[in-house]
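One structure below.
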Amino acid sequence: MNEANEFKPYIPADQVLPEITPVSVVLGILLAVLFGGANAYLGLKVGMTVSASIPAAVISMGVIRVVLKRDSILENNIVQTIGSAGESLAAGAIFTLPALFMWAKEGAAQAPSLVEIALITFAGGVIGILFMIPLRTALIVQEHGTLPYPEGKACAEVLMAGEEGGASASTVFLGLGAAAVYKFIADGLCIFPSEVDYEIKSYKGSGIGIDVLPALLGVGYICGAKVSSYLLAGGTLGWFVIMPLIALFGGDAVIYPGTDPVSSMNPFGLWRTYIRYIGAGAVAAGGIMSLVKSMPLIIRTFRQAMKGFGVKAGELKRTTQDLPMNFVIAGIGVMAVFMWLCPFIPVNLLGAVIIIIFGFFFATVSSRMVGLVGSSNNPVSGMAIATLLISTMILKASGMTGIAGMAAAISIGSIICIIAAIAGDTSQDLKTGYIVGSTPKKQQIGELIGVTVSAVTIGGVLYLLSAAWPYGSDQLPAPQAMLMKMVVEGVMNGNLPWALVFSGVFIAVVVEILGIPVLPFAVGLYLPIHLSTPMIIGGLVRLYFEKKKEENEKERRRKIENGVLYSSGLIAGEGLVGIMLAVFAVIEIGDRSLGDIMNLSETVRLGGLGGLAFFAILTASLWYMIVRKKNNK
């Protein structure tokens with residue numbers, strides 16, 4: 001507490017600098033759309049998203065300070081605040097809403113309209129921000145020395161670097177360019193396969209492979225070796241233990257939910273049919289265990305937040321001014337009524353109540369989680385699964401069944417998923433503002449701007465990707481949304497393969513007893529091992545430089561930061577080209593799409609070895625960017 005009271009921000013409270021300006025708002029909006037689209041593609045491809053706060057801060061520094069010759073750190077902070085909101089809203093949306101598209105493809109319902117998507121995402125985003133306003137003092141200020149908020153601190157360091165902004169921004173853009181060219185060659189021209197796969201014939205049921213993609217290398221580096229190893233451990237259990245055992249004992253039998261003999265299935269067939277249910281149980285159990293362990297913290301934080309109710313802002317310093325509490329309470333009430341009465345949101349009064357109650361709890365959990373482990377490791381999907389299990393059972397018990405009940409459950413889960421994601425992002429942004437001396441009220445307005453713009457645009461991205469590649473296909477597996485769909489259908493129809501689900505639950509219990517973080521392990525078990533293998537490579541590269549002896553600690557931090565910036569560019573570059581390729585896939589020229597015309601695989605095909613060689617070159621480029629000396633002039 002004393003540390004928080006004694007903390008002096010970079011810009012003192014009595015100094016006023018430009019914050020919300022036309023330049024900061026326009027640039028922030030552009031970055032919100034940019035990173036929202038890129039992260040939507042990444043999440044639909046691999047089931048994970050990465051915080052955009054750091055690259056948004058770096059690009060803001062590069063554009064505002066270097067290009068426009070403007071000199072206000074608080075203006076830059078507003079840019080990254082607005083820009084990162086798009087990424088978080090996209091993360092919550094793509095984990096759930098594609099399930100509605102999948103039901104439409106199956107003929108069970110109509111696809112959600114652009115208006116429905118916009119209103120659902122807008123509601124979740126606004127509620128998530130409003131919930132974080134009364135929690136700011138308790139979590140950001142009073143626990144300044146307890147909760148580090150790693151991305152928030154990193155953004156503050158980037159913004160305070162000042163003169164280094166241009167050189168740091170160039171590192172992000174180099175990564176973006178390298179990934180864009182690589183992705184275009186791999187999945188646009190199709191000169192080499194982006195997935196290299198090998199089935200181990202002598203060990204039936206098992207297989208190994210690697211998706212040789214820039215974003216996965218970057219995700220692995222940013223998450224680090226420890227988190228990447230948990231993912232790989234889960235994949236190893238699935239692909240080298242459980243699947244071979246199913247193949248061994250299954251033989252020619254047809255085991256539900258499969259419809260073909262086990263002996264006729266390849267490793268991917270075994271994974272699709274059985275492992276995903278086991279992974280679902282593990283992820284759900286991990287989310288529930290996280291909630292149970294966080295309950296004392298939730299109760300304590302709620303009590304602290306209520307102590308600030310009714311305090312007038314007139315006499316507060318600039319750096320302690322939040323949006324008024326009466327605005328927050330009224331806003332939450334209005335959003336609850338809006339969700340209940342709006343015909344475009346399939347949520348009744350019971351659903352609106354569930355959203356408000358669970359939303360506040362999960363916003364608190366999310367903020368504390370990102371305060372300890374960072375936004376990239378925020379277990380949003382685990383919270384969403386726990387919500388879906390509970391809300392679907394409540395809706396079913398209340399008589400709301402069938403496709404209407406399932407659509408309502410997905411809508412509830414989507415809004416709460418967005419609440420959790422936005423709450424985590426807002427926490428990191430408010431921590432950055434606390435360190436640099438921003439005005440909290442203006443940051444909160446910036447968050448609302450970012451959410452509003454992103455809600456309008458995210459529907460277009462979802463429709464574009466759906467038109468190019470159906471959700472659930474090999475090109476766009478949408479693993480988290482597929483998992484949510486599977487859970488809701490199983491609970492509502494009473495045919496969830498509970499034996500497989502509970503196997504995953506008790507695997508999670510064993511992992512928890514061993515002291516291993518359950519959620520990354522469970523996600524690794526649920527996803528194909530092909531996604532974990534490139535991530536561990538990125539994680540091992542970072543581990544080498546973390547353990548390597550350097551002349552001083554400053555040099556070690558410089559190299560690790562270089563890798564983070566370049567990896568952020570790799571992720572953004574692949575996501576942007578992925579969206580561009582989706583556009584090409586829906587543009588028809590004659591009787592062929594532009595994507596098919598560009599495909600050169602019939603004439604030039606390097607094969608799996610070519611893919612491995614290109615991935616090795618990409619990894620070498622990451623290594624080079626880490627060790628290179630930047631010219632800061």
Side-chain angles (χ1 to χ4, degrees), residues 38-39 41-52 54 91 175 178-179 182-183 186 193-198 207-240 271 275 279 282-283 286 373-381 477 479-480 516-546 560 563-575 578 611-612 614-623 625-626:
N39 241 11
Y41 172 78
L42 177 66
L44 291 166
K45 181 74 175 178
V46 305
M48 294 183 66
T49 58
V50 177
S51 173
I54 295 175
Y182 185 104
K183 176 72 172 178
S194 57
E195 181 175 278
V196 180
D197 181 70
Y198 178 71
I208 187 66
I210 177 172
D211 281 7
V212 288
L213 293 171
L216 295 173
L217 181 67
V219 169
Y221 183 90
I222 290 176
C223 289
K226 184 170 289 188
V227 173
S228 299
S229 67
Y230 297 147
L231 287 159
L232 182 62
T236 301
L237 177 65
W239 286 69
F240 287 95
W271 170 77
I275 297 300
V283 172
V373 301
S375 298
S376 298
N377 302 318
N378 191 13
V380 172
S381 60
Q480 299 285 11
I516 299 172
V518 177
L519 283 172
F521 182 94
V523 171
L525 176 60
Y526 173 74
L527 295 173
I529 197 172
H530 304 63
L531 303 179
S532 304
T533 44
M535 289 180 61
I536 193 63
I537 293 173
L540 290 175
V541 171
R542 177 165 184 162
L543 181 65
Y544 173 82
F545 288 99
E546 287 177 338
I560 293 173
V564 170
L565 296 174
Y566 188 70
S567 296
S568 299
L570 293 179
I571 295 165
E574 180 180 331
L612 293 175
F614 267 82
F615 192 74
I617 295 171
L618 184 71
T619 305
S621 76
L622 171 61
W623 192 286
M625 295 301 296
I626 292 172

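Contact between Gly207 and Trp239 at its shortest, heavy atoms only, is O-CE3, 3.6 Å. When all heavy atoms of Thr533 and Leu232 are compared, the pair lying nearest together is CG2-CD1, 4.1 Å. For the pair Gly563 and Tyr221, the tightest heavy-atom approach, listed with the atom from each and the gap, is C-CE2, 3.2 Å. Closest approach of Glu574 to Ala179, counting heavy atoms only: N-CB, 3.8 Å. Residues Leu543 and Ala225 share a closest heavy-atom pair of CB-CB, 3.8 Å.
Residue Leu531 forms a side-chain contact (heavy atoms from CB on, under 4.5 Å) with just one option from Val219, Asp211, Ile210, and that option is Asp211.
Side-chain contact check for Tyr182 versus Ile617: every heavy-atom pair is 4.5 Å or farther apart. Considering only heavy atoms from C-beta on, Leu570 comes within 4.5 Å of Tyr566 through its side chain. Contact check for Leu622 versus Ile626: side-chain heavy atoms found under the 4.5 Å cut-off.
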Enumerate, atom names and distances included, each donor-acceptor pair closer than 3.5 Å involving a side-chain atom of residues 521-529, sequence neighbours excluded.
from, atom 1, to, atom 2, distance (Å)
Tyr526, OH, Pro479, O, 2.5
Tyr526, OH, Leu483, N, 3.4

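Distance check: Trp271 CH2 to His530 NE2 gives 10.0 Å after rounding to the nearest 0.5 Å. Here the straight-line distance linking atom CD1 of Ile560 with atom CZ of Phe545 works out to 9.5 Å at 0.5 Å rounding. With rounding to the nearest 0.5 Å, the separation of CG in Leu217 from CE in Met535 is 10.5 Å.
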> Could you go step by step and tell me if Val196 and Phe615 meet the side chain to side chain contact (heavy atoms under 4.5 Å, CB included) rule?
Replying inline: CA-CA 11 Å; Val196 180; Phe615 192 74; over 6 Å; no
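A side chain to side chain donor-acceptor pair (under 3.5 Å) check over residues 223-235, counting only residues at least two apart or in different chains, returns nothing. For residues 524-545, the pairs satisfying salt bridge (Lys or Arg N to Asp or Glu O under 4.0 Å) are Arg542-Glu546, with sequence neighbours left out.
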